[in-house]
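Data block below; observations after.
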Number of protein chains: 2
Amino acid sequence: MKRRIDETDRRLIARLQENARIPTAALARDVGLSRSAVQERLERLEKSQTITGYTVQLGDTARPVLLAEVMIQLEQKQSAGVVGALQKIPHCIRCLAISGEYDLIAEVAADTPEELDGVLDRIGELAGIKRTSSSIILSTKFDRR
Amino acid sequence: MKRRIDETDRRLIARLQENARIPTAALARDVGLSRSAVQERLERLEKSQTITGYTVQLGDTARPVLLAEVMIQLEQKQSAGVVGALQKIPHCIRCLAISGEYDLIAEVAADTPEELDGVLDRIGELAGIKRTSSSIILSTKFDRR
DNA sequence: GTTTAAACCGATGAAACGCCGGATTGATGA
DNA sequence: TCATCAATCCGGCGTTTCATCGGTTTAAAC
């Protein structure tokens, strides 16, 4: 009876973070278990939502050309309406609630400067927003989230 | 002679975004090519950095408890050294170069407040950094990157 | 002490893999 | 025009991995 993820699970996850397409048999050799045992572990991790999926990481070429970070200060501390509005904007690909001077960080993607400009304007005019501050993302130095 | 990614490449990428561990043979059936042709396409996409890797997506249970955004102002506009130092810190999971008052945004993950505090201190004391501003991430409102 | 279920192993036939030779196609330049 | 060259694809090969299952061990639960 095991519920908690143990050291072996962590090692499996670590290897999959490096390369999710590695064969199960190779994982098994890495951690010193049989292939079928590893297979069962992965099924458990997936079923328990510890692992929610496997995806491909794309380089800049296939990603949207322009990215920006938008720091947002709310008028009241009720973020729900603003977050909902942001979520309806397809260009808005991420939104975090933060502590400090600003209340939200939104990450925005666009294909052209004009498009980005339009999106930033649209965000700035949303109801419930006091102030915004935008930074164009010049490059992704690294990303291992 | 093909350089640009075509519709088939996009379909392959789309399938891999859903599940990066799907067998190449299944991808081949999906797009109507031979297995070896798909294998060559993937090698091309990887070599051209269109695809940079494959990773596992983790649920909340396995994710770090605490996240923070660190805005970084450099002393000179030479980011290479600082970025390299940040990349060596395992807690630092992402780094973007931006325009504006600050030069870099780093995203930091930690399991405890003490650990986060230590990481932020460590970043603040790196050579080449003039000033930093940190915001704890209270919650991820949405993320569809 | 018995029951029960989780976790593992090893075996087996089917499927997928890496690798390579050969056909096709379309652009390049003699 | 026609030979050349590289890109792209296919199919086949031996090897590896896969899904699945029965059987063993372990340890908590009763």
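Proteins come first, then strands; the chains are lettered A, B, ... in the order of their sequence lines, and each starts at number 1.
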Whole angstrom value for the distance that separates C1' of D:dT8 from CD1 of B:I5: 17 Å
Restricting to salt bridge (charged side-chain N to carboxylate O under 4.0 Å, His left out), what partner residues turn up for B:R131, sequence neighbours left out? B:E101
Sorted by chain and number, sequence neighbours left out, side-chain hydrogen bond (donor to acceptor under 3.5 Å, both in side chains) with A:T24 holds for B:R21
Got a sec, which residues hit side chain to side chain contact (heavy atoms under 4.5 Å, CB included) with A:S133, two or more places apart in sequence or on another chain? A:M71, A:Y102
Can you tell me if B:Q39 touches the phosphate of C:dC17, counting only side-chain N or O atoms and a distance under 4.0 Å to OP1 or OP2? no
C:dA7 C1' sits how many Å from A:K47 NZ, rounded? 14 Å
Got a donor-acceptor contact below 3.5 angstrom from the A:D9 side chain to the A:D6 backbone? yes
Below 4.0 angstrom, which residues in residues 17-26 of chain A have at least one non-hydrogen atom near DNA chain D? A:P23, A:T24, A:A25
Could you tell me whether the side chain of B:T52 and the main chain of A:Q57 form a donor-acceptor pair under 3.5 Å? yes
Can you name the side-chain hydrogen bond (donor to acceptor under 3.5 Å, both in side chains) partners of A:Q39, sequence neighbours left out? A:R35
Under the side-chain hydrogen bond (donor to acceptor under 3.5 Å, both in side chains) rule, collect the residues that match up with B:E115, sequence neighbours excluded. B:H91
Sequence neighbours excluded, which residues qualify as salt bridge (charged side-chain N to carboxylate O under 4.0 Å, His left out) partners of A:E125? none
Taking only the side-chain nitrogens and oxygens of B:R44, find out if one of them lies under 4.0 Å from OP1 or OP2 of D:dA7. no
For A:R41 and D:dA19, what is the distance between atoms CZ and P respectively, to the nearest whole Å? 17 Å
Once salt bridge (charged side-chain N to carboxylate O under 4.0 Å, His left out) is applied, do any residues pair with B:D30, and if so which ones, sequence neighbours excluded? B:R15
Rounded to whole Å, please give me the gap between CD in A:E46 and P in D:dA19. 10 Å
Polar atoms only, N or O, under 3.5 Å: list the protein pairs with nucleotides 9-11 of chain C and their distances.
{"residue": "C:dC9", "atom": "OP2", "partner": "A:S34", "partner atom": "N", "Å": "2.6"}
{"residue": "C:dC9", "atom": "OP2", "partner": "A:S34", "partner atom": "OG", "Å": "2.7"}
{"residue": "C:dG10", "atom": "O6", "partner": "A:S36", "partner atom": "OG", "Å": "3.0"}

Among residues at least two apart in sequence or on other chains, which ones pass salt bridge (charged side-chain N to carboxylate O under 4.0 Å, His left out) with A:E107? A:R94, B:R94, B:R145
How would you list, by chain and number, every residue that makes a side chain to side chain contact (heavy atoms under 4.5 Å, CB included) with A:E46, sequence neighbours excluded? A:L42, A:I51, A:Y54
Tell me the bend of the helix from C:dG1-D:dC30 to C:dA30-D:dT1 as the angle between end helix axes, each from five pairs, rounded to the nearest 10 degrees. 30°
